[in-house]
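Everything quoted here is computed from the prediction, not taken from an experiment.
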Amino acid sequence: MSSCRRLGGGLVQPGGSLTLSCAASGISLDSYAIGWARQAPGKLREGVSSISSGSGKGSTYYADSVKGRFTISKDRAKNTVYLQMDNLKVEDTGVYYCASDIGMGAPSSAAILGMDYWGKGTLVTVSS
């Protein structure tokens, strides 16, 4: 069974930072790509970032809405993927999900949304 357990989330002021963690269980980051998606209230789910499988740092993807502000990385020793979110905006508010799928990567929002395995979401609220 493959799963990702997400950690993090909470309330942060605009301009602040937050780090989400996705601890993979039953899978190896050498074989599985990891993606992050979010769903804002009343909006469709959006794939925001992904990192490819493999033993290196991995290839990354960022949606235009988060490019330059979010950073995805992985720690293979901890089998965990992180999403560092800086300069947060009110429009970043939403439920964030991590997802996984076997294969090289998910270099687009649509590919992230097509991943097979999804963790439970965590709420990120950006508000003053």
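- Residue pairs satisfying the side chain to side chain donor-acceptor pair (under 3.5 Å) criterion with at least one member in residues 74-86, sequence neighbours excluded, are listed as follows: Ser17-Asp86, Thr19-Gln84, Asp30-Arg76, Gln84-Asp86.
- Contact check for Asp92 versus Val48: no side-chain heavy atoms found under the 4.5 Å cut-off.
- A cation-pi arrangement is present between Arg45 and Tyr97 under the rule of less than 6.0 angstrom and at most 45 degrees off the ring axis.
- With hydrophobic clusters built from ILVMFWY side chains whose heavy atoms lie under 4.5 angstrom apart, Val81 shares a cluster with Ile102.
- With a 4.5 Å cut-off on side-chain heavy atoms, Phe70 and Trp36 do not count as touching.
- Rounded to the nearest 0.5 angstrom, Ser53 OG and Leu29 CG are separated by 9.0 Å.
- Panel note: side chain Ser31, backbone Ser28; no donor-acceptor pair is recorded below 3.5 Å.
- To the nearest 0.5 Å, atom NZ of residue Lys43 and atom OG1 of residue Thr93 are 10.0 Å apart.
- Going from atom OG of Ser50 over to atom CG of Leu83 covers 10.5 Å, rounded to the nearest 0.5 Å.
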With a cut-off of 3.5 Å and sequence neighbours excluded, list every side-chain donor-acceptor pair involving residues 55-62.
| from | atom 1 | to | atom 2 | distance (Å) |
| --- | --- | --- | --- | --- |
| Tyr61 | OH | Ser109 | N | 3.3 |
| Tyr62 | OH | Ile72 | N | 2.8 |

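- Looking at Arg38, its side chain never comes within 3.5 Å of a backbone N or O of Val95 through a donor-acceptor pair.
- With rounding to the nearest 0.5 Å, the separation of OG in Ser49 from CZ in Arg69 is 12.0 Å.
- For the salt bridge (charged side-chain N to carboxylate O under 4.0 Å, His left out) condition, no pair includes a residue of residues 15-24, sequence neighbours left out.
- Two residues are said to be in side-chain contact when any heavy atoms from C-beta on lie closer than 4.5 Å; Val90 and Ser127 fail this criterion.
- Although no hydrogens or angles enter the test, the distance criterion places no donor-acceptor pair under 3.5 Å between the side chain of Ser52 and the main chain of Ala33.
- Taking 4.5 Å as the limit, every side-chain heavy atom of Ile34 sits out of range of all side-chain heavy atoms of Met115.
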